[in-house]
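Let me begin by presenting the structure, written as structure tokens, before commenting on it.
Computed from heavy atoms alone, side chains included, the values below leave out hydrogens, waters and symmetry copies. All values reported here derive from a predicted model rather than from experimental measurement. Chain letters run A, B, ... following the sequence lines, proteins first, then strands; residues in each count from 1.
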Number of protein chains: 2
Amino acid sequence: MVNIEMHGSSAIENSGIGGQLGFLLRQAQAAVWQDLIATLAPFDLRPAQYAALRIVRASPGCKQQEIGDALGIQRPNMVRLVDDLRARGLLTTVRNPADRRSYALELTAAGTELMARADRAHDGHEARLAACLGDADTVALNGALRQLGRLGGGG
Amino acid sequence: MVNIEMHGSSAIENSGIGGQLGFLLRQAQAAVWQDLIATLAPFDLRPAQYAALRIVRASPGCKQQEIGDALGIQRPNMVRLVDDLRARGLLTTVRNPADRRSYALELTAAGTELMARADRAHDGHEARLAACLGDADTVALNGALRQLGRLGGGG
DNA sequence: TATTGTTATACTCTATAACTATA
DNA sequence: TATAGTTATAGAGTATAACAATA
């Protein structure tokens, strides 16, 4: 991840890109992402792994492809992610008897326990974001980001 | 870059991460980034290259390290970026007589001409963002993103 | 001793094609 | 024929250590 910092760099101010929405968006995302990485690091979880485990917990029995679709991770890249989590005993993948092409993913007891602790840390992450935003209109921010997220997708 | 799309995925809605600020921020940034990549592709410029050229144009004679600092690109990774732009004849790097460790970067005529065309495409990119946001409070959005960008940096 | 640029290198994330087994 | 998972592989982007030249 990029470690974008403005430093009040005159070079970037003069160039005019420092005030652009795309640049600010990238900066903000990078800062939040770094905080999330640091938040999950004590549990040896990266953001994608934590998100995958949350999806499995909320949708037990789901296929790994469903996780990939939800997170925008391509099928080949899901294999390693699920392999690692299974190797660590955080989730199980059992053949779906009804359709033996797919696996049904579920959290193990260890996975559930780890996620309970990771969730508390993640709550702290969200609290930091809220504190950072102060009295900003988070509802409006939410709406604006949802709008931008639909930019190219036609969705 | 990740190709995050929500698809109205029930898996992600159930997991609770679909409505989180960090997730929305990531989605929005990915969509805007993809639009920027597509915008600059006709000029064979990636976002970092375009940003670097804008900084050189605004601060002629600058050192490549100053660009790296402004954009959050580390010194070793600036070498290839500047090399490529110089090989394409878009900028020149001449030894600074006052401090022969550094180079003074400047746009060539070809670089200036290419950037003039790229700027028009980039204006279209910004117009698409504005249109996408509609009547959203862009000033408030700007402020909120600036706040978030200062999350970890103490700045 | 510190700074600028460089080389070599490695790791993560992402992307594509082709394969298997199942349907 | 289409889908779920897999393998191999390639490309970005990013990260650190060590070096040469210069200050």
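- Heavy atoms of other residues, nucleotides or ligands lying less than 6.0 angstrom from CZ of Arg100(A) number 12 at most.
- To the nearest angstrom, P of dT12(C) lies 10 Å from CD of Gln49(A).
- With hydrogens and angles ignored, no donor-acceptor pair under 3.5 angstrom links the side chain of Arg100(A) to the base of dT22(C).
- One cannot find a donor-acceptor pair under 3.5 Å joining the base of dA4(D) and the side-chain atoms of Asn96(A).
- Between the CZ atom of Arg80(B) and the P atom of dA15(D) there is a distance of 18 Å, given to the nearest Å.
- Checking the phosphate oxygens (OP1, OP2) of dG13(D), no side-chain nitrogen or oxygen of Gln74(B) falls inside 4.0 Å.
- From one end of the helix from dT1(C)-dA23(D) to dA23(C)-dT1(D) to the other, with five pairs defining each end axis, the axis direction shifts by 10° (rounded to 10°).
- For Asp99(A) against dA4(D), a side-chain-to-base donor-acceptor contact under 3.5 Å is absent.
- Neither OP1 nor OP2 of dA2(D) sits under 4.0 Å from any side-chain N or O of Arg101(A).
- Between the P atom of dG5(D) and the CG atom of Leu81(A) lies a distance of 13 Å, rounded to the nearest Å.
- Here the C1' atom of nucleotide dG13(D) and the CD1 atom of Ile37(B) are 11 Å apart, to the nearest Å.
- Of the candidate nucleotides dT7(C), dT4(C), dA12(D), dA12(D) has the atom nearest to the side chain of Arg46(B).
- Rounded to whole angstrom, the span from the CE atom of Met78(A) across to the P atom of dA8(D) amounts to 19 Å.
- Asp83(A) and Arg86(A) are joined by a salt bridge, as a carboxylate oxygen and a charged side-chain nitrogen come within less than 4.0 angstrom of each other.
- Here the C1' atom of nucleotide dT6(D) and the CZ atom of Arg86(A) are 11 Å apart, to the nearest Å.
- A salt bridge does not link Arg88(A) to Asp84(A): none of the charged side-chain nitrogens sits closer than 4.0 Å to a carboxylate oxygen.
- Not one side-chain nitrogen or oxygen of Arg75(B) sits closer than 4.0 Å to the OP1 or OP2 atom of dT3(C).
- Identified under the ring-ring contact (aromatic ring centres under 6.0 Å, His included) test for residues 48-80 of chain B, with sequence neighbours left out: Tyr50(B)-His122(B).
- Counting to the nearest Å, the C1' atom of dT20(C) and the CD atom of Gln65(A) are 15 Å from each other.
- For the residue pair Asp119(A) and Arg57(A), the shortest heavy atom distance occurs at OD2-NH1, 2.7 Å.
- Tracing side-chain contacts under 4.5 Å through hydrophobic residues (I, L, V, M, F, W, Y), one never reaches Val79(A) starting from Val82(A); they form parts of separate clusters.
- Leu40(A) and Pro47(A) make their closest contact through CD1-CA, 3.8 Å (heavy atoms, listed as atom of the first residue, atom of the second, distance).
- Rounding to whole angstrom units, CD of residue Glu66(B) and P of dT4(C) are separated by 8 Å.
- Of the candidates dT14(C), dT6(D), dT16(D), dT6(D) carries the atom nearest the Pro76(A) side chain, counting heavy atoms from C-beta on.
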